[in-house]
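By convention in this document, chain letters (A, B, ...) are assigned in the order of the sequence lines, proteins followed by strands, and residues within each chain are numbered from 1.
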There are 2 protein chains.
Amino acid sequence: MDDLKRQFNRIGMRYTAQRSLVHQLFLGSPCGLTIPEAVSALKDRRVGETTIYRTVRALQEIGRLCWVHDHKGEHRYVACGSRHSHPIVCTVCGKVAECRTCELSVLEKLLGLETGYTVEGHHLEFYGKCADCSRLPAQETQ
Amino acid sequence: MDDLKRQFNRIGMRYTAQRSLVHQLFLGSPCGLTIPEAVSALKDRRVGETTIYRTVRALQEIGRLCWVHDHKGEHRYVACGSRHSHPIVCTVCGKVAECRTCELSVLEKLLGLETGYTVEGHHLEFYGKCADCSRLPAQETQ
DNA sequence: AATCTAATGAAAAATCATATCATTAATAGA
DNA sequence: TCTATTAATGATATGATTTTTCATTAGATT
Ligand SMILES: [Zn+2]
Ligand SMILES: [Zn+2]
Ligand SMILES: [Zn+2]
Ligand SMILES: [Zn+2]
């Protein structure tokens, strides 16, 4: 996919053979992978640990990878198609489906129809500026 | 708070002086804390690392602690008042407010009014059973 | 081809999390 | 209260994960 190359270039990075292998690996992993899992999966393909860490970060940056928490609370990285999407994780087999709709109240009800999943729960985290910080012009970080 | 003691007992644990210190620490940290931060904050109070890890888990179990991701993607644990609530993280100062309403589409709009935050984004993760697994009686884990 | 720039991965170092276990503290019953 | 029982604590060791460093290699540009 040449699209990928362009997206990597846009963030000042090259789309190399190793990075392609990392991306392919995630595309072929419906339950996602933890980083250690990705590392060991590509050990024989001679892709180094450092490269995997860097590529995971880059793929997230260009919106091709997101994460979910597995049953142990560990980050599991999953290929996705857009920067903003809502993954749904199967609590039994761990398979992840992507939901790109973002009408939230409608979402939970429609989600079952769209994905075939039985929704049992969710984790929702908002980001924004607090009242104090909304007033400020510049930014001090936490 | 004696309520806390009861909640700990309910999960077969004792509410000890150290656990109280851990809880107090989180109650006094509006931006939440990573575990290493909590460890070093309580080093002089002579609360051990192991106790902190265990207490963080227990507080989550009884619904007094939840987590958010900070700007680096790290888990930051934040005191909360109920098992299911939606934290909102300030992208400038990191302060976290708790939103206990869970009507999702309404939520994002009302959130600003309730908390004074300007909502900029969110991370939403659903959990449920996929179509295949909904049919099965028992469970194979991922 | 020559030059420049970024990527790679081995190794080391740092960080984070868990497991073990002797000791101490809290609870419950006599 | 005293004692028996059970759980909590934290020092230490261990293991896992993540980051840093840097000599080498590969890709892009001219
Ligand atoms: Zn499933
Ligand atoms: Zn959304
Ligand atoms: Zn703020
Ligand atoms: Zn909710």
Side-chain angles (χ1 to χ4, degrees), chain A residues 1-26 32-62 64-65 67-77, chain B residues 1-26 32-62 64-65 67-77:
Chain A
M1 212 174 269
D2 208 38
D3 195 26
L4 259 279
K5 183 175 172 173
R6 244 174 294 131
Q7 291 189 273
F8 267 91
N9 290 343
R10 207 167 295 150
I11 61 170
M13 293 181 92
R14 292 169 186 170
Y15 187 57
T16 64
Q18 287 94 331
R19 286 177 183 170
S20 170
L21 282 172
V22 174
H23 189 217
Q24 293 305 316
L25 174 65
F26 282 104
L33 298 163
T34 63
I35 292 197
E37 283 169 358
V39 168
S40 74
L42 291 173
K43 192 150 282 167
D44 46 333
R45 292 303 208 77
R46 294 162 186 287
V47 181
E49 209 167 18
T50 319
T51 297
I52 291 170
Y53 277 96
R54 280 188 290 231
T55 306
V56 164
R57 239 173 292 179
L59 285 170
Q60 287 183 101
E61 208 172 328
I62 65 175
R64 295 310 186 101
L65 200 63
W67 49 263
V68 297
H69 287 91
D70 66 17
H71 51 107
K72 289 179 189 158
E74 290 182 324
H75 275 168
R76 193 166 279 281
Y77 295 92
Chain B
M1 209 174 272
D2 208 40
D3 194 26
L4 257 280
K5 183 175 171 175
R6 243 174 296 128
Q7 291 190 273
F8 267 90
N9 290 344
R10 206 165 298 149
I11 60 169
M13 293 180 93
R14 292 168 185 172
Y15 188 55
T16 65
Q18 288 93 332
R19 286 178 185 168
S20 171
L21 282 172
V22 175
H23 189 217
Q24 294 304 317
L25 174 65
F26 282 106
L33 299 162
T34 62
I35 291 196
E37 283 169 359
V39 168
S40 74
L42 291 174
K43 191 151 285 169
D44 46 333
R45 293 302 208 75
R46 297 165 185 283
V47 181
E49 207 168 19
T50 318
T51 297
I52 291 171
Y53 276 97
R54 280 188 289 229
T55 306
V56 163
R57 239 174 292 180
L59 285 170
Q60 286 183 99
E61 209 172 327
I62 65 176
R64 296 308 188 100
L65 200 64
W67 50 263
V68 298
H69 287 92
D70 67 16
H71 52 106
K72 288 177 189 159
E74 289 182 326
H75 274 168
R76 193 164 279 281
Y77 295 91

Novice: Got a sec, which residues hit side-chain hydrogen bond (donor to acceptor under 3.5 Å, both in side chains) with A/Gln7, two or more places apart in sequence or on another chain?
Specialist: A/Arg64
Novice: Can you find an N or O donor on one side and an acceptor on the other, under 3.5 Å apart, linking the side chain of A/Arg14 with the base of C/dT5?
Specialist: yes
Novice: Which whole-number value in Å describes the distance from A/Met13 CE to C/dT5 P?
Specialist: 17 Å
Novice: Which atom names give the shortest non-hydrogen contact between B/Ala38 and B/Phe26, and what distance separates them?
Specialist: CB-CZ, 4.1 Å
Novice: So, taking the atom named CG in B/Leu21 and the one named CG in B/Leu42, what distance separates them when rounded to the nearest 0.5 Å?
Specialist: 6.5 Å
Novice: Check the distance between C/dT8's C1' and A/Leu21's CG and give it to me in whole angstrom.
Specialist: 13 Å
Novice: Could you pick out which residue, A/Arg19 or B/Ala17, lies toward the 5' side of DNA chain C when each is mapped onto its nearest nucleotide?
Specialist: A/Arg19
Novice: Reading nucleotides 13-20 of chain D from the 5' end, what letters show protein touch, with B for base, S for backbone sugar-phosphate only, - for no heavy atom under 4.0 Å?
Specialist: ----SBBB
Novice: B/His69 and A/Trp67: which non-hydrogen atoms are nearest, and at how many Å?
Specialist: CE1-CH2, 2.8 Å
Novice: Sequence neighbours left out, cut at 3.5 Å: what donor-acceptor pairs do the side chains of residues 43-51 of chain A make with other protein atoms?
Specialist:
none

Novice: What is the distance, rounded to the nearest whole Å, between atom CG of B/Asn9 and atom C1' of D/dA8?
Specialist: 13 Å
Novice: Just how far, in rounded Å, is C1' of C/dT27 from CZ of B/Phe8?
Specialist: 17 Å
Novice: With a cut-off of less than 4.0 Å, is there a side-chain N or O of B/Gln18 near OP1 or OP2 of D/dA8?
Specialist: no
Novice: Determine to 10° how strongly the helix from C/dA1-D/dT30 to C/dA30-D/dT1 is bent, judged from the axes of its five-pair ends.
Specialist: 40°
Novice: To check you understand the geometry: which heavy-atom pair defines the closest contact between B/Arg19 and B/Thr55, and what is its length?
Specialist: CG-OG1, 3.2 Å
Novice: B/Tyr77: which residues meet the ring-ring contact (aromatic ring centres under 6.0 Å, His included) condition with it, sequence neighbours left out?
Specialist: none
Novice: For C/dA26, does either OP1 or OP2 sit under 4.0 Å from a side-chain N or O belonging to B/Lys5?
Specialist: no
Novice: Using only atom types and a distance under 3.5 Å, with no angle test, would you say the side chain of A/Asn9 pairs donor to acceptor with the backbone of A/Gly12?
Specialist: no
Novice: Can you identify which nucleotide, out of C/dT27, C/dA7, D/dG10, has its nearest atom closest to the B/Thr51 side chain?
Specialist: D/dG10
Novice: With sequence neighbours left out, what residues match B/Glu37 under side-chain hydrogen bond (donor to acceptor under 3.5 Å, both in side chains)?
Specialist: B/Arg76
